[in-house]
Amino acid sequence: MSAHQLIHTLEKLLALHQSLHHLSNQKTDVLKKGNIDSLKEIIKDEQKHLLAIQKVDKERELEVYKLISGHEMAGEHPSISDCIRIVTGAEKEKLSHIQEQLTTCLTQIKEANELNQQLLHQSLQFINLSLEMVSPEPQEINYGRPSQKQATSTKIRFQAFDSKA
Amino acid sequence: MSSTFFGLETARRGMVSQQGALYVTGQNIANANTPGYSRQRVNLVQTTPFPAPGWNRPEIPGQLGTGVEAGSIQRIRDSFLDVQYRGENNKLGYWKTLDENYKKLEEIMNEPSETGLANTIDKFWQSLQDLAANPKSDGARAVVSQRGMAVAETFSYLANSLNSIKSDLETEISVTKSQIDSIAEQIANVNKQIGDVEPHGYLPNDLYDERDRLIDELSSLININVEYEDSGGNASKMAEGQAVISLAGGPVLVSGDTAFTDMDLNQVSIGKLQALIHAHDDVYPQMIADLDNLAYTIATQFNKVQSDAGLPPFFDVPEPKAQVVFIVDNTSSMGDELENVTDNLEELAGKLTGDGIESTFGLVTFGQDGEPGGSPNKNPLTTDINDILSKLNTVLKEDEKNLAEPGLEAIMEAINYNLDSSDGVKEFVLITDAPVYVEDDEQSEYSISEVIDALAEHGIKLHVISKSDNGQLRPLANQTDGKFLNIDSETFDDDLYNSIKLDIRKGYADQMEIGQPDFESDPSDETSNNPSDELGDGNTTNILNLLDVFDGKFDYDLSGDVSDFRSYYQSVIGKMAVDSQQSGRLSGNSDMLRQAVEERRMEVSSVSLDEEMTNLIQFQHAYTAAARMITVQDQLLDKIINGMGTVGR
């Protein structure tokens with residue numbers, strides 16, 4: 001059974017992931033500088049990548065099921081190790097090679113994402129603190145003497161500035 | 001009625017204040033490149049208007065403003081960013097130091113490479129195979145003994161290097177600790193100076209900058225919390241006050257103008273100091289222990305094969321010996337569990353002798369009423385466990401309470417056995433359930449720290465077998481690296497046995513040597529007359545058995561799991577590599593995060609020359625305008641004084 005199609009799909013998947021990794025690195029640089037516009041661009045790009053990856057992934061699933069059908073698989077879903085067991089010769093080598101590359105790429109993306117997450121967390125901390133200083137907190141959602149309750153308290157919540165000037 | 005020189009005074013104030021603002025701008029420009037400098041800004045405020053409201057006020061229109069003054073000179077600094085920066089710096093200190101130490105470890109182990117341990121052992125294995133193919137060849141034999149020596153020397157070299165780095169780490173730890181102490185003292189000094197200035201109402205900005213710089217430096221060494229206390233006096237509302245720095249765990253490091261420099265190393269939290277302690281206590285000893293396990297297991301298995309064939313041992317392994325002293329609580333606090341204890345101790349002795357470990361036992365009993373009086377009962381050392389057990393049994397059945405001093409004295413008595421290291425590893429087993437000492441008891445001869453120091457000096461491990469943890473016993477065991485075992489557990493003889501075994505093989509890798517590599521008296525010599533019988537049974541069985549040691553599965557680390565040499569070594573190196581990679585990655589991450597916060601901090605606090613130049617223009621023109629105002633006032637006064645009342649003159 002030829003794994004040619006599967007290899008082809010996997011190579012496409014690998015290319016997409018590598019470019020996603022490239023994007024993640026760019027995102028790190030942009031986050032450090034605090035450049036919002038470039039960040040928006042990168043996010044749009046990432047969305048496109050994710051859609052493409054989803055599509056290619058569905059193709060991959062079909063290929064794998066075609067290949068595996070009839071053979072036994074370890075666990076619920078067929079894995080690439082099962083495929084490697086089944087094919088022979090040059091294809092076996094290629095599949096193992098791709099498996100290695102995909103796993104390294106995925107780990108790199110994971111690490112880059114972790115770093116981006118921490119950078120974002122830091123920036124958000126700062127922003128939240130600054131915002132809280134200029135916009136007032138909503139009043140206590142609790143009982144109180146009716147004469148002291150202010151009618152304006154319920155409206156304050158979403159205004160950016162409490163400017164009555 | 002306002003005074004004559006009212007306008008003049010207002011203009012004068014204007015001039016002076018603008019001049020002050022110019023000075024501050026000049027200060028900012030001059031310090032544009034000073035590290036740690038936060039730009040300063042002058043807050044101009046109006047002076048109190050005239051007249052003040054009251055009954056006797058003059059009836060002039062309005063309240064006339066009286067000018068401006070420089071209210072305060074404040075530095076622009078965001079304290080939240082400081083907190084963020086210190087957090088990231090702290091993590092960076094930890095991961096960077098850990099990463100460096102892992103790199104040193106990797107360099108020493110040097111795998112995979114031609115000079116690493118795996119390759120050396122491979123070559124040894126190959127030489128054995130060559131010998132198996134030519135059992136009569138003298139050259140092959142010589143090669144085997146040479147390669148064997150190489151293996152022993154590699155183990156010894158690795159263990160040696162690791163030990164020397166470990167002792168270097170000790171020095172580094174004490175150096176770091178004194179660094180922390182010195183920074184703490186400097187901060188205390190700065191606090192004192194700030195405390196001298198603030199009550200006058202001033203804001204000592206340069207001192208604040210210096211203090212922040214010192215705290216930043218401190219944050220990379222240990223994790224700290226910073227709080228500020230009022231200086232009192234006539235301090236301005238914007239004054240920061242005295243810094244109180246405490247370690248994340250609680251103890252205070254700097255408070256006001258005093259620095260507490262007797263910090264307990266056990267309470268240190270994340271930072272460079274903790275990374276050094278972690279490397280010294282966990283990373284390097286773990287690797288050394290793994291090497292010990294490997295070396296010991298290979299050596300003993302090899303020797304076993306040799307002795308099974310009736311030949312002298314290949315590796316020089318010292319006889320395993322242990323000296324175990326039981327320190328038993330004689331009162332009824334133990335209850336019925338003591339029978340369980342005696343059973344387990346008998347099994348322990350059985351295991352030790354079954355493994356060929358020569359053991360000597362001792363027994364010290366003490367009773368416990370907290371009343372000083374008699375001394376703990378010390379029995380002579382003996383190699384017969386039954387002797388001890390019988391004495392133990394009689395001791396337990398005695399119902400009279402010995403009027404003896406508390407447990408610390410008993411431990412010191414046991415230390416006075418003066419056990420010799422050459423007679424084996426030294427383990428004390430304390431069996432009790434009640435507190436062994438009264439805290440800060442003046443009548444007690446020894447203090448807990450004295451006892452722990454004495455135990456450490458003699459290299460003795462103290463294990464504790466007890467029913468419940470009353471807060472004293474577990475730390476006692478932990479401080480000497482011993483175990484705390486539950487008396488109800490059925491396996492404490494196993495735990496003790498494993499602990500003793502691990503201790504016996506400690507440090508073996510360092511001393512590994514080959515004994516007399518004696519293939520010369522291999523029985524195969526006698527059958528060497530038969531030249532065609534090269535792979536015959538009698539000749540090479542022994543050598544093939546030796547080869548099997550490498551492929552055989554043994555319990556290398558006494559954990560109960562068996563594996564062969566290659567997989568065990570691979571797992572050891574693999575774990576080291578994974579940990580090293582992680583610390584490298586986290587170190588890079590922390591650096592990047594710290595960099596990001598630093599840039600944000602610079603955005604807020606550093607001097608922007610454009611802004612300062614613009615300010616210069618502003619203040620200078622204001623200054624000129626104020627000077628103009630003075631000219632106007634001057635002309636008014638001139639008119640009044642010299643020009644009024646000269647009609648018709």
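None of these values were measured; they are calculated from a predicted model.
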- Query: Non-hydrogen atoms of chain A under 4.5 Å away: do they reach the side chain of B:Q595, the backbone, both or neither?
  - Reply: neither
- Backbone N or O of A:L23 within a donor-acceptor pair of the A:E46 side chain at under 3.5 Å? no
- Pick one of side chain, backbone, both or neither for A:T28, based on which atoms fall under 4.5 Å of a heavy atom in chain B. side chain
- Query: A:L129 versus chain B, heavy atoms under 4.5 Å apart: side chain, backbone, both or neither?
  - Reply: side chain
- When the ring planes of B:Y94 and B:H278 are compared, do they come out parallel, tilted or perpendicular, using 30° and 60° as the limits? tilted
- In terms of side-chain geometry, is the basic nitrogen of B:D209 or B:R213 positioned less than 4.0 Å from the acidic oxygen of its partner? no
- Segment of A:E114 engaging chain B (4.5 angstrom heavy-atom cut-off): side chain
- Message: Tell me which one of B:R86, B:E88, B:K91 satisfies side chain to side chain contact (heavy atoms under 4.5 Å, CB included) with B:S219.
- Response: B:R86
